[in-house]
Amino acid sequence: MNLMFLNSMEKTTAEGEVFTAQVSIGESEGSWIVMWNESPDEGLGAAETWYEGSEWSGMMKAFRERVFAKQCEGYTPLLEMQVSEMDGLDGRMAYMQPLHFYSERHAQEELYEALRQWRFKQASQEGKAPFIVATNRLLKMISAFVPQTEEELLQLPGFGKTKAASYSEAILALTAGRERMGSFPLTWVESAVDPAELNAWLLGEKERKLKAEADKQEVKRRLLEAAQRGAKLDEVQEETKIQRRNLLLWLEELDRDGYDLEAFIEAMLEEVEEARIAAAWQAFEQQGDRYLKPILQAVFTSEELSAKDSDRAYEWLRLLRMKYRKANAVRQSAAS
């Protein structure tokens, strides 16, 4: 094996004990190997293979992530290495990530909860998912930096002019008069965070996203299996313990990806009155299928729906919209 890179690292404990290790990258017949060897007592120590394979990008990813994890454990390289998760980020992302990290650490919990309650009510009024109104991350930033004007709100990543026009008045009413630790503009934040803690957080965020994506794919697989065996959404929810709204969003993704869900949708719609379905279909024809709230209002009067009934109505409207969109696509294709 050809040794391509070697560096030693040390960690000193609170008791003054020094641990040493070496990290190396080798190449043999087109295959890369990343190794970690610990020598705590100047003897044979623990050895770990962090990567073995032919992909340069995969090798570098494993090397950077694992070396940084060791740095978080207290190991310091004897030769300086740049393995920060901030490396390679463009200017905007390099500016945004410290803001996200700082707000995770310094959010005012009372204000954050008030913002969450506002978002829930606003989303219900608009017939939208709460994250479309505002993500948790945006609410965290608002509760950490406590903007007092619309101009300051617009300096937060994810809060643009459209959100400002719709929500700034309500949000500023919640932040008014509250104390805050810093001021705007937020250029001071980068120097206020510990680089090692920031990078540890970034690494954790990356791992969390990878796990979330893997979990999502697993749920989508189970949804497809449920559709094939004729199971209902209630059964899938009971199995996965996932909110029905999220299950429906993933069903929509599967539908957009071209999976055949027709039988499943038809089975779910059997529980809905034919007159309601006909009225909703006509509303889609007249008003389009982008927003569901106008369709709901065309099918039901405000007196007919409780909060629970409204949630279930939105469920079958989402299913019917999938059916409508597919029928509309076929119709447009035939006409062209």
Side-chain angles (χ1 to χ4, degrees), residues 1-91 93-107 137 140 144 181-182 187-215:
M1 183 177 70
N2 299 315
L3 186 64
M4 310 299 292
F5 173 86
L6 177 67
N7 201 350
S8 297
M9 302 183 73
E10 289 185 350
K11 178 174 72 171
T12 303
T13 68
E15 294 76 25
E17 188 175 4
V18 177
F19 291 87
T20 63
Q22 288 185 330
V23 59
S24 62
I25 299 176
E27 185 271 336
S28 177
E29 298 181 353
S31 181
W32 296 101
I33 301 175
V34 182
M35 294 288 297
W36 171 264
N37 292 281
E38 294 182 8
S39 303
D41 298 310
E42 301 300 329
L44 184 63
E48 302 175 16
T49 300
W50 288 352
Y51 179 86
E52 186 171 358
S54 59
E55 293 186 1
W56 168 265
S57 60
M59 181 273 289
M60 288 302 298
K61 180 176 182 293
F63 169 76
R64 291 163 67 88
E65 290 181 356
R66 298 299 294 272
V67 166
F68 187 77
K70 291 297 182 183
Q71 288 179 313
C72 292
E73 293 175 13
Y75 279 95
T76 302
L78 298 187
L79 296 176
E80 185 175 353
M81 291 185 290
Q82 297 296 324
V83 294
S84 167
E85 289 296 310
M86 293 287 286
D87 292 349
L89 296 181
D90 61 31
M93 288 299 295
Y95 170 73
M96 288 169 53
Q97 297 293 20
L99 299 185
H100 295 321
F101 171 68
Y102 184 92
S103 63
E104 288 288 335
R105 295 295 189 273
H106 297 91
R137 178 162 283 182
K140 287 274 188 181
M181 297 175 62
T187 51
W188 55 270
V189 174
E190 184 176 1
S191 61
V193 302
D194 182 278
E197 292 182 359
L198 170 61
N199 282 284
W201 177 78
L202 287 170
L203 185 61
E205 285 292 289
K206 180 185 289 186
E207 293 175 351
R208 180 187 61 79
K209 288 177 182 178
L210 290 173
K211 183 180 184 304
E213 183 59 30
D215 290 345

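All values below were derived from every heavy atom in this structure, side-chain atoms included, with hydrogens, water molecules and symmetry-related copies excluded.
- Look at R105 and E197 and you find no salt bridge, because none of the NZ, NE, NH1 or NH2 atoms lies under 4.0 Å from a carboxylate O.
- For K11 and E38, the salt-bridge test fails: no basic side-chain N is under 4.0 Å from an acidic carboxylate O.
- Of the inter-residue distances, the one linking E27 atom CD with L3 atom CG reads 11.0 Å to the nearest 0.5 angstrom.
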Steps toward side-chain contact (heavy atoms from CB on, under 4.5 Å) verdict (W201, E104): CA-CA 10 Å; W201 177 78; E104 288 288 335; 4.0 Å; yes
Test log, rule side-chain contact (heavy atoms from CB on, under 4.5 Å), inputs M4 and W32: CA-CA 10 Å; M4 310 299 292; W32 296 101; 3.9 Å; yes
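- The structure places CG of L198 at 13.5 Å from OH of Y102, a figure rounded to the nearest 0.5 Å.
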Trace of the side-chain contact (heavy atoms from CB on, under 4.5 Å) decision for F19 with E73: CA-CA 12 Å; F19 291 87; E73 293 175 13; over 6 Å; no
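- No donor-acceptor pair under 3.5 Å is formed between the side chain of S31 and the backbone N or O of S28.
- Across every non-hydrogen atom of V189 and P98, the tightest pair is CG1-O, 3.6 Å.
- Of the inter-residue distances, the one linking K70 atom NZ with M9 atom CE reads 9.0 Å to the nearest 0.5 angstrom.
- Closest heavy-atom contact between G182 and W188: CA-CZ2, 3.5 Å.
- How far CE of M35 is from CD of E48: 9.0 Å, rounded to the nearest 0.5 Å.
- Here the side chains of T20 and S8 are not in contact, with every heavy-atom distance at 4.5 Å or above.
- Looking at heavy atoms from C-beta onward, V34 lies out of side-chain contact with R66 at the 4.5 angstrom threshold.
- One distance of note links CZ of F101 with CD of E190; it measures 12.5 Å at 0.5 Å rounding.
- Only one option out of V67, N7, V23 pairs with P77 in a side-chain contact (heavy atoms from CB on, under 4.5 Å); it is N7.
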side-chain contact (heavy atoms from CB on, under 4.5 Å) between E52 and I33, intermediate numbers included: CA-CA 5 Å; E52 186 171 358; I33 301 175; 3.9 Å; yes
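- In this structure, CH2 in W50 is found 11.0 Å from CD in E65, a value given to the nearest 0.5 Å.
- With contacts defined as side-chain heavy-atom distances shorter than 4.5 Å, the pair H100/K140 does not qualify.
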